Structure formats: C-alpha cells, structure tokens
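Taking it in order: structure first as structure tokens, then the write-up.
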2 protein chains.
Amino acid sequence: MFARRQLQAFISVAELGSFTRAADRVHLSQPALSSSIRKLETLLGLSLFARDTRGVSLTPAGRHFLEHARRILAEMEQALDDAHSMAHLQRGLIRIAALPSVASSCLPRLTQAFLTRHPHVDLDIRDGLARAVQEWVNDGEVDIALTSRPEHEGLLNFTPLWQDELIAVTPRANGTQSPDWRRQLGELPYIALTPDTSIRPLADRALQAANMATSPAWEIAQMSSAIAMVRERLGYTLLPASCIEVFNLGSEVQTCPVPGIARELGILLRRPLQQSPALEAFMTLLQETFQPASAASSMRSDSAHASGVSTASINS
Amino acid sequence: MFARRQLQAFISVAELGSFTRAADRVHLSQPALSSSIRKLETLLGLSLFARDTRGVSLTPAGRHFLEHARRILAEMEQALDDAHSMAHLQRGLIRIAALPSVASSCLPRLTQAFLTRHPHVDLDIRDGLARAVQEWVNDGEVDIALTSRPEHEGLLNFTPLWQDELIAVTPRANGTQSPDWRRQLGELPYIALTPDTSIRPLADRALQAANMATSPAWEIAQMSSAIAMVRERLGYTLLPASCIEVFNLGSEVQTCPVPGIARELGILLRRPLQQSPALEAFMTLLQETFQPASAASSMRSDSAHASGVSTASINS
DNA sequence: CCAATTTACGTTCTCCGTAATCATA
DNA sequence: TATGATTACGGAGAACGTAAATTGG
C-alpha cells in the first residue's frame, strides 16, 4: 500500500480534476486509475473525491491527504535520486587511511586518477602509523586502508597488492661501494624507527637474518628525522624503498637495497564488507593499477544484480 | 514500489541487523523478506546491506537511505492516522451558513445535538441574508447552508426540510381580535424587510394574494428593528413564524398567522457534493431531526464502500 | 446522444510461503 | 554441524487493460 504510482495517480487526479486526463498523464487506463483511487479511499476509510459526471473535485479530507501525499512522494523521489546519484558515482564518500609511506608515495597518484574518473566523489584521506591505521579500520572510522599486513586479522581482511623493499641508508663512503649492503654499514650505529611503525619489525628481522646487532642506538618516529641523522653520519637506518623518491636524501647519503626482506602492502578492510559504489570503484582502480594483466588471481569481482548492483570482493 | 511493508521490512532489518529476526518482527517468512530487500536494492541500484553469514550491516548508502525510509514511513503513518481520525469523526470541520432566522431559531439546537454526538468535530457557523448565504455556498466558502430555496439552482442543490409560516405582527388592538389577519391590519403602513432578505418576496406575494398594498412605508434590514417599530405603532410587518420565540415581542404587539404562504427552508449544497464524514454525520442529524419517521422520501443515504466509506447524498 | 466514470472479467505480474541449497564459523 | 542467508518453485492475490454498463446533462 501507498505505492509510488498510486500516490502519483492521486495527485494527478487532484491536480487535473479528471480521471481521464490523469490516467493519460500517469500512463494508466482510466478504469485502472479509478480502481487505484478506490483502493486508496478504502485504505483511508473515506472519500477523497466528490464524483460528478462533469469531472471530480477533492473533498476536505482529500485536500488534507493531498498535502501528505505530496510530502511522501517528494521524499520518495529524493530517496531515489540520492540512491541513483550514489550508484552512478555522482556523489559518495570514501574514507581512506594509509601509512605515511603510502600516503606520500603512490596514494596521491591514485587519488588523482580516481578524482579524474569520479570528480563528484569525496575522498577523506588520513595518514598514520600502522597501529593507528589498523584501529581506524577496526572501529569503522575509515572504509578502507592502504597499509601493511596486520599481525592478527580477526575481523579484518588484508589483500596484498605490492611489496616495498627495504633499503639501507648510510653515510656516503669515501672508497668504492660494496655490492653487499652489510659491508656498507661497517660498525655504524643503528638508527631505528619506533616500534609502532610497520618498518621496525621488518628491519629487525632483516638485521637478524644478516647476523647483525638489532639493538638501536636511536629510536626515531619520523623517517625524515632518521635520514637527517644519517646525513650527519650518526649511523645508518633501514627504510622502505619508496621513500627514496619522497625525501631529498642529499649527496652525503647513499642507499643500498636489502634483498630478501620486503614489506607486504595492500588493502585492509573490515568484515562484513560495506560495499558502496564509490568504494567499489576505488577498489577497481587499485586492481587495475597493481594487477593490470591478471584479473582473476587473488582479486575477484562478480556481479550480483542484473541492474548494475555489483558486489566486488577482494579476498586473499 | 516503495510500499509501506517494504519500508518497514527494510527499517527492521537495519535496526535488528538480521534478516531472520526482522522477518519475525514484520510477520514475513525470511525468504520473502530477503526478496523484498533485494527488490529495494534493485530499484535503488545499489546494495543497502553488507551481507555476512553472521548477520548483516548497513552500507553507507543503506545508512543514508534509512533516514529517507524513516521519514517516508512516518509521513505515511501520519496520513493514515489523520484519515482514520476524520473517518471516525475524531476530527473534522464543517463550515455552515444559515439565514439569521435559522441561526437564531433551530440551528443552535442542532449544533448542540451534533457536538454532543461528535465533540471532536469543529463547526464554523456564519449567518447572513439569503443572497450572501447563496454566494458563500456557490464560492465554496461554506460546505452547507440552511436557507431558503434559491431562485436559480444552477450548480446548487436545494433540499427542502421544513416550512416557515408567515405571521403578521401588528400593534395590539383595543377591541376584540379578528380571526382574519387582514382585518387586523386596517390601514396601517407596511413595514417591509429589505429586498435582499428571503422574507420580502414572500411577504409581498402574501399581500398581493390578499389584494393589499405592497408598497412599503418603511424598508428595514433587521427583524428586531421592524418589531420595535410595530411596538411604536408605526405600522405592521410580516415575519417568519420562527421569530416569535426569538424576539421578545412585548405586550404592545400581537401576532396572527398568515395562512397559505410559507417559506421553504432546507439544505443548500454545491455540486459536486464534497462529502466529508463530518458533513455526512451532520446531514444524518438533519434527516433525523426533520424526517424522524420516513427515511426514504427525498433524502437518500446509501453506503458506497464496504469498509465504512459511505456517500450519503441528498437530492430533491 | 455524449462525455465521463464505474463495473465486469480475463490476463499478467507480484508477493509470499515451503522446501531445498549454499556459505561460513 | 549448526546458523543464517539465498535460490527454486508454486499458489494466492493484486494490478492492469478491454469491453460493457451506468450516470447525468
């Protein structure tokens, strides 16, 4: 009851003062419209129109109901419009969290690409250290995060997309460079990032694997600070490769890849997945960016509804 | 689309976070509810819920639509309530017009009786001369009028209910009273009401039929003024019988019925009839008051809908 | 007789419940 | 395995259109 067409029919009859013309406007046969109005009257328990062979006019109750009907219909139309706008990405909001390294390397490019495609969707981006990012996803404060794999997934769902190699950042040596990164370090102190970063456990593992001391001489939160200390020859540090293009390392510093150990970066979502069309489009962009060739390996996208409603899901 | 139950179903699922429990609440089988939600999603073109084996949760679009759904549903409920209140005479308004003679004689009693039956219905009563009353009905300013029969009915519909006899109001004679009203008048001047009253043409016809002069010595708008003039022995006047119980005639005045000539009083409506339940109840009261025995002569009341919607009509 | 609405009736589509299937913890 | 959602399918009911009847000028 109170279907949309029924209300439109009623309003049309009220406005046109004629069943015949109203039936024409709402694309219904005149008897069907008559029956529809009669249903409405039965439902409400009173007459809405004063019938006369020469057209019809509203009863007082009908006039009163007309106001309700207009409000209901307007609200319905707006709900439809809103939903369609969202579905067609004419509006929407994605709250994105990212590690600082991601936020300062590839995320800006992704953002730019996404906004070019969907200029009417708002992006809310915040950056933070791994632990904070994980909390945001867990608490539903953000819809999606680009971060490292969490230790315990729980309700979280991590999909790896790319790997970030570690590099050793050392003061520039006077002699020739050694291809072995461990030779470069010599007896320099270890400038570590703080334990709440995603780099720190990785760096420690790399040092351990190389039989080197993991006890840091310094613990620094910001990568830029660590680099500055290296420039002053206070020690060496291990950073994600992506930071090379982010920071101005300067001539006093040289870098050397640390093979074998890499950081998994990817998408962190909370289950159950709250798929909005905008988020879906963003994940499609991620997929195209990081897996341009294969579209069926670890990312799977399947349409659910014939009418364009699709539920893409990314699983590891 | 956007049926009431569908919105209730959606809201229930959103609130309970479970199809099963929501199905129980809205008295639907769980598959039926699932299908109903699916229809809604197809209509809107997006997913409203993030499905998970352990319950469901709203997507951002779903959260947004929930606000719309609540507003639409609330408006629907209120429209239903309003209509039912009107239908059950828990509220309503009747705008009534009446001639001064009616408004000061039988209408107050009718009003009292109606308000006793239906204390929640508002009555808007205005009195005026015949011409004005007719205009009000014609312009839709009132819903019903208790007045005399108009000269040209046109879109108007008059149903006679009772007759108002004419009486001659004369200064008290010293000698014995004559049974013939014409003897009482002697050579007294004629104090007439103004031509826009319904009495005047009637009074003139009565005088004409009795071969008496119809040229008035005075023309007065208010009956009370005419009576006061008779008390001063300025002449005689012809008034509706109902005014006897309205005005304090005093001992200086005596009245005498004028047989044969009577004023038809009744209901004046505009076509098409705008039947509200309240107006219908009022007309039922009129019918009972003026035709307590016969219910089928000139007043006909027939039920239209099984659900209590009835369309009473009064035709001559 | 004409214009407009209502009634009658058959077809089609939708809604809904039962039963079976699927997915996940 | 147990819980909860979806699919499959069949019947009851609603929506709709065509055609005939009704009403009032």
Side-chain angles (χ1 to χ4, degrees), chain A residues 1-10 12-13 16-43 47-57 153-157 271-273 300 302-306 309 311 313 315, chain B residues 1-10 12-14 16-43 47-57 153-157 271-273 300 302-306 309 311 313 315-316:
Chain A
M1 294 302 171
F2 276 129
R4 192 154 141 265
R5 302 196 59 190
Q6 195 178 25
L7 293 176
Q8 284 174 327
F10 165 70
S12 290
V13 175
L16 299 177
S18 153
F19 277 68
T20 308
R21 273 175 289 164
D24 184 51
R25 183 198 272 188
V26 298
H27 305 295
L28 234 68
S29 76
Q30 197 270 353
L33 185 145
S34 181
S35 151
S36 179
I37 298 294
R38 167 99 17 176
K39 294 253 179 61
L40 205 51
E41 290 179 323
T42 302
L43 178 66
S47 312
L48 294 171
F49 292 104
R51 271 88 163 167
D52 195 85
T53 22
R54 269 282 185 279
V56 290
S57 64
E153 292 211 355
L155 279 179
L156 303 178
N157 175 301
R271 286 177 302 188
L273 266 51
R300 189 166 45 88
D302 47 301
S303 289
H305 308 310
V309 178
T311 310
S313 58
N315 303 320
Chain B
M1 297 301 171
F2 275 131
R4 192 153 142 264
R5 302 196 59 188
Q6 196 178 25
L7 294 177
Q8 284 174 328
F10 165 71
S12 289
V13 175
L16 298 176
S18 153
F19 277 66
T20 308
R21 273 174 290 163
D24 183 52
R25 183 198 274 187
V26 298
H27 306 296
L28 235 68
S29 76
Q30 198 268 358
L33 186 144
S34 179
S35 153
S36 180
I37 299 294
R38 168 87 31 162
K39 294 255 177 61
L40 206 52
E41 289 179 324
T42 302
L43 178 66
S47 312
L48 293 171
F49 293 105
R51 270 88 162 169
D52 196 83
T53 14
R54 268 284 183 278
V56 291
S57 64
E153 291 213 355
L155 278 179
L156 304 178
N157 175 302
R271 285 178 304 188
L273 265 51
R300 189 168 45 89
D302 47 302
S303 289
H305 307 310
V309 180
T311 310
S313 58
N315 303 319
S316 57

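Order of the sequence lines sets the chain letters (A, B, ...), proteins ahead of strands, with each chain counted from 1. Values in this document were obtained by computation on a predicted structure and should not be read as measured data.
- Remark: A:R271 pairs with no residue by the salt bridge (Lys or Arg N to Asp or Glu O under 4.0 Å) rule, at least two apart or across chains.
- As a whole-Å value, the separation of B:L156 CG from D:dG25 P is 13 Å.
- Although no hydrogens or angles enter the test, the distance criterion places a donor-acceptor pair under 3.5 Å between the side chain of A:E41 and the main chain of A:L48.
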Summarise protein proximity over nucleotides 16-25 of chain C in one line of letters, 5' to 3': B for base, S for sugar-phosphate only, - for none, counting protein heavy atoms closer than 4.0 Å. SBBB---BS-

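- Aromatic ring orientation, B:F49 versus B:F10: tilted (interplanar angle from 30° to 60°).
- Spacing between atom CG of B:L273 and atom C1' of D:dG24 amounts to 14 Å, rounded to whole angstrom units.
- Here B:S47 contributes atom OG and B:I37 contributes atom CD1; the two are 12.0 Å apart, rounded to the nearest 0.5 Å.
- Atom CD of A:E153 is separated from atom CG of A:N157 by 6.0 Å, given to the nearest 0.5 angstrom.
- For the OP1/OP2 pair of D:dG4 and a distance below 4.0 Å, the side-chain nitrogens and oxygens of B:T20 include no atom meeting the criterion.
- Close to D:dA15, at under 4.0 Å from its OP1 or OP2, lies a side-chain N or O of A:K39.
- In the set C:dT6, D:dA15, C:dT5, the nucleotide with an atom closest to the side chain of A:R38 is C:dT6.
- If you measure from atom CE of A:M1 to atom P of D:dG13, you get 13 Å, rounded to the nearest angstrom.
- Here B:D24 contributes atom CG and B:S29 contributes atom OG; the two are 11.5 Å apart, rounded to the nearest 0.5 Å.
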Protein-nucleic acid N or O pairs under 3.5 Å, nucleotides 10-13 of chain C:
none

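- Distance, A:R51 CZ to D:dT22 C1': 15 Å, rounded to whole Å.
- Here the straight-line distance linking atom CZ of A:R25 with atom CG of A:L33 works out to 11.5 Å at 0.5 Å rounding.
- Atom P of nucleotide C:dA4 and atom CD1 of A:I37 are separated by 18 Å, given to the nearest angstrom.
- With values rounded to the nearest 0.5 angstrom, A:R5 atom CZ is found 5.0 Å from A:L28 atom CG.
- Atom CG in B:D24 sits about 14 Å away from atom C1' in D:dG4, given to the nearest Å.
- Among the nucleotides D:dT6, C:dT6, D:dG4, the one closest to any side-chain atom of B:F19 is D:dT6.
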